[in-house]
Amino acid sequence: MTSHTTPGRQPAGAGRGDARRRLIRELLLVGGLFAVYKAGRTFSTDRTEEAFHNAARVWDVERTLRLPGEGAVQRLLLHSDALVHTANTYYAAVHFPATALFLIWLYLRRPRHYLWTRRVLTALTGVALVLHLAFPLAPPRMLGAAHLVDTGQVYGPTVYRAAPAADPLANQFAAMPSLHFGWALMLGLGMIVATRSRWRVLWLLHPLVTLLVVVGTANHYWLDAIVATVLLGGALLLVPRPNAAPRPRRGLPSPRPRPVVDRSAAGRSTEPVPAAPSAAVAAVAAVPAPVGAAR
């Protein structure tokens, strides 16, 4: 018996095994990086005096730069209890799930864009962790000079406890930069790059809403979002973006098309068919021979 196999083709089970191992590796990598980030943030929770001193400096810098007051956004939210409650819910419940769904979709549908996004987010989060440790910052809801309401504590829901020192799961002094906004901006830009819909620019609504939410709920200053944008821009410059498709180099001749063979003519005679006599040959043949030429 003759075995007909395709060389180089792996069994279906081997392909599924490789895909499963890649998935487990990515889950461990992303989960490990996130655990390191969460644990590292807690190292500055006891630097209360320094955090409030830095908050006063940031507030003064914003007034020097003539940035709009965070209170202007909060006053818009406080016009409606439902609106401020929605903003608090958006802050507490959308940040991590939206980023996780974004990464899962890229992993399944755009693998090259997933690697690019994961590297950019890793670089952004790593630098942010260093700043969180080097520059602890009390959020504007804690700053008396800001005269802002802690909307999470007053209207709910909230992910923080009233006393920062009694909050073991979160570092409330990790305000600069705002990763809420940085991750949201990367989500919007990543979806614009990875998709081809003419409406893909609407993905930028997510970082826009996130910016209004983090400022309006008094969890971040304007400068927190500005610094996050600068850091994300630096990460995007350092990490090369995946190309949609390789383009042919200029100056190289394009490949010639391969001739199409008519398979239906298999088995037929390949001898050339004699061409029909031309009109001139036919006219010469029609001239009668001279008398006496025939013997």
Side-chain angles (χ1 to χ4, degrees), residues 26-27 29-42 73 86-110 113-133 135 137 139 152 157-160 169-195 200-239 241-242:
E26 288 298 323
L27 290 175
L29 178 61
V30 175
L33 290 174
F34 181 73
V36 170
Y37 166 72
K38 292 291 288 184
R41 283 171 32 127
T42 60
V73 181
T86 301
N88 290 334
T89 303
Y90 198 94
Y91 180 86
V94 174
H95 175 50
F96 289 114
T99 306
L101 290 176
F102 169 54
L103 291 174
I104 291 172
W105 184 86
L106 288 179
Y107 182 85
L108 296 176
R109 303 297 299 272
R110 303 289 191 273
H113 290 84
Y114 166 78
L115 291 175
W116 170 65
T117 303
R118 190 243 289 160
R119 290 165 183 165
V120 171
L121 287 177
T122 300
L124 170 63
T125 307
V127 177
L129 175 59
V130 173
L131 288 179
H132 290 163
L133 297 176
F135 191 78
L137 179 65
T158 181
V159 294
Y160 302 121
L169 300 179
N171 180 9
Q172 299 191 40
F173 297 149
M176 172 80 77
S178 170
L179 285 184
H180 263 77
F181 179 71
W183 288 10
L185 183 58
M186 184 58 205
L187 187 155
L189 296 176
M191 290 303 295
I192 289 176
V193 173
T195 58
R200 63 185 184 275
V201 69
L202 294 179
W203 286 106
L204 291 178
L205 289 176
H206 174 53
L208 176 60
V209 172
T210 300
L211 176 61
L212 296 177
V213 164
V214 299
V215 172
T217 57
N219 283 293
H220 285 285
Y221 304 90
W222 293 112
L223 279 179
D224 297 341
I226 293 174
V227 172
T229 304
V230 172
L231 295 180
L232 178 60
L236 291 173
L237 290 176
L238 294 176
V239 180
R241 194 179 75 178

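In this chain, numbering begins with 1 at the start of the sequence shown.
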Between CG on residue L101 and CZ on residue F96, distance to nearest 0.5 Å: 13.5 Å
Do you know which two heavy atoms are closest between V120 and M186, and how far apart they sit? CG1-SD, 3.7 Å
Looking only at heavy atoms, which two atoms of A225 and L211 are closest? And how far apart? CB-CD1, 3.5 Å
Can you name the closest pair of heavy atoms from A175 and H220 and give their distance? O-ND1, 3.0 Å
Heavy-atom count around R110 CZ within 6.0 Å, excluding the residue itself: above 12? yes
Y91 and H180 aromatic ring geometry - parallel, tilted or perpendicular at 30°/60° bounds: parallel
Between atom CH2 of W183 and atom OG1 of T125, what is the distance when rounded to the nearest 0.5 Å? 5.0 Å
Yes or no on side-chain contact (heavy atoms from CB on, under 4.5 Å) for L236 and W116, after CA distance, side-chain angles and deciding distance? CA-CA 9 Å; L236 291 173; W116 170 65; 3.6 Å; yes
Just to verify, which of L204, L202, L208, T210 counts as forming a side-chain contact (heavy atoms from CB on, under 4.5 Å) with H206? T210
Could you give the distance from CG (L137) to CG (L223), rounded to the nearest 0.5 Å? 9.5 Å
Rounded to the nearest 0.5 Å, how far apart are CZ of R109 and OG1 of T195? 11.5 Å
Would the number of heavy atoms belonging to other residues, nucleotides or ligands and lying under 6.0 Å from CH2 of W222 be above 12? yes
If you take all heavy atoms of V73 and G216, which pair is closest and at what distance? CG1-CA, 3.7 Å
Considering all heavy atoms of both residues, which atom of Y221 and which atom of P139 are nearest to each other, and what is their separation? OH-C, 3.5 Å
Evaluate Y114 against L108 for side-chain contact (heavy atoms from CB on, under 4.5 Å), listing each step before the verdict. CA-CA 9 Å; Y114 166 78; L108 296 176; over 6 Å; no
Measure across P177 and V227 and return the closest heavy-atom pair with its distance rounded to 0.1 Å. CB-CG1, 3.9 Å
Quick one: CG on L187 to NE2 on H95, what's the gap to the nearest 0.5 Å? 11.0 Å
If I take atom CE from residue M191 and atom NE2 from residue H113, how far apart are they, to the nearest 0.5 angstrom? 10.5 Å
Is there a side-chain contact between V213 and T86, using heavy atoms and a 4.5 Å cut-off? no
pair L231-L131: side-chain heavy atoms closer than 4.5 Å: yes
From the list L189, V193, L103, side-chain contact (heavy atoms from CB on, under 4.5 Å) partner of T117 resolves to L103
